[in-house]
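Numbers here are sequence positions counted from 1. Ligands are counted one by one from 1 in listed order, and the atoms in each one are counted from 1 as well.
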Amino acid sequence: MRTTVTQIREMKERGEKIAMLTAYDYSTAKVLDRAGIPMILVGDSLGMVVLGYETTIPVTMEDMLHHTRAVVRGTEQALVIGDMPFMTYHISVEDAMRNAARFIQEAGCQAVKLEGGVIVAERVRRIVESGIPVMGHIGLTPQSVNQLGGHRLQGRAPGAAAKILEDARALEDAGVFAIVMESVPAPLAALVTERSGVPTIGIAAGSGCDGQVQIITDMLGLFTDFVPRHTKHYAEMAETIAGAVEQYQAEVKSGAFPTKKHSFTMDESLLAEFRAR
Ligand code: KIV
């Protein structure tokens, strides 16, 4: 039985912290699912950490559906959230609803996430009314990186802080089941959390949020282009993989791999017959 959005909301009510991670493929999703992670986000961050783009902007619906399907196939208990890519919910309410529905119908996930506050609230309301749970995303919204002038901390200026509070309220009123808050000063994120009736999930937003989300390739030490300040490495996968690959190459060159254990035999008389031909 998968985690439901109601159960996620109940975790806030109980004061139980929520650990969310991103995943982009079947095998990783399976490991996270078995480890008991209740919510997995198939983030459009895959544009940067899986596909090698500089931003999330080039990511398409087809990219997202492809990876979301893989994550859904790898999970049994986690609530899987598909991240709506750039310009798939901006053009019209109809477009937003059609694309949200594609995540649920074609990729099989249970919820969608989209970026923005007041400005997308009406779209969120219509998607929720159609029966699709929506997670909001405020603060630093990476799809607006060109307008924000980079992946920068948001909400430090007085007007900007008030806007984050307004955005959170607008999303809650529109019916989101949770809100990601990215790159917001910790005291402001704590205040939004206190005033919010739905769980806040922070990334670079301090410990006062109801939950935390990390990008899986960051927390595993697999993405090496840069290490964001908010990232904690729980493993050093890039080094582990490089070590394994070097050992593999050395063993192939020396003949130490493969051994008999990794190979198959065949009937000796059949072999003799082939040799005699
Ligand atoms: O795309 C993503 O992975 C995200 C997280 C940073 C929340 O939006």
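- Residue Asp83 has at least one heavy-atom neighbour below 4.0 Å for each of these atoms of ligand 1: 1 (O), 2 (C), 8 (O).
- Scanning the protein for heavy atoms near atom 4 (C) of ligand 1, the closest one is Leu41 CD2, 3.6 Å.
- For the pair Ile215 and Tyr24, the minimum side-chain heavy-atom distance is below 4.5 Å.
- The closest approach between any non-hydrogen atom of Lys113 and ligand 1 is below 4.0 Å.
- Considering both main-chain and side-chain atoms, Thr22 never comes within under 3.5 Å of ligand 1 through any nitrogen or oxygen pair.
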- Please lay out, stage by stage, how Arg98 and Asp95 fare under the test salt bridge (charged side-chain N to carboxylate O under 4.0 Å, His left out). CA-CA 5 Å; Arg98 192 175 307 112; Asp95 213 32; 3.3 Å; yes

- Item | salt bridge (charged side-chain N to carboxylate O under 4.0 Å, His left out) between Asp167 and Lys163, intermediate numbers included | CA-CA 6 Å; Asp167 282 341; Lys163 182 178 178 304; 2.8 Å; yes

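- When heavy-atom distances to ligand 1 are checked against a 4.0 Å cut-off, Ile201 has no atom that comes that close, whether in backbone or side chain.
- Of all atoms in ligand 1, numbered sequentially from 1 with element shown, those under 4.0 Å from a heavy atom of Gly43 are 1 (O), 2 (C), 3 (O).
- Looking only at protein heavy atoms, the nearest one to atom 2 (C) of ligand 1 is Ser45 OG, 3.3 Å.
- A heavy-atom distance below 4.5 Å is found between the side chains of Leu222 and Ile241.
- Contact of the Phe274 side chain with the Met266 side chain is registered, since non-hydrogen atoms from C-beta on lie closer than 4.5 Å.
- Without hydrogens or angle criteria, Glu115 side chain to Gln143 main chain gives a donor-acceptor distance under 3.5 Å.
- For ligand 1 and His137, the ligand atoms under 4.0 Å from any heavy atom of the residue are 8 (O).
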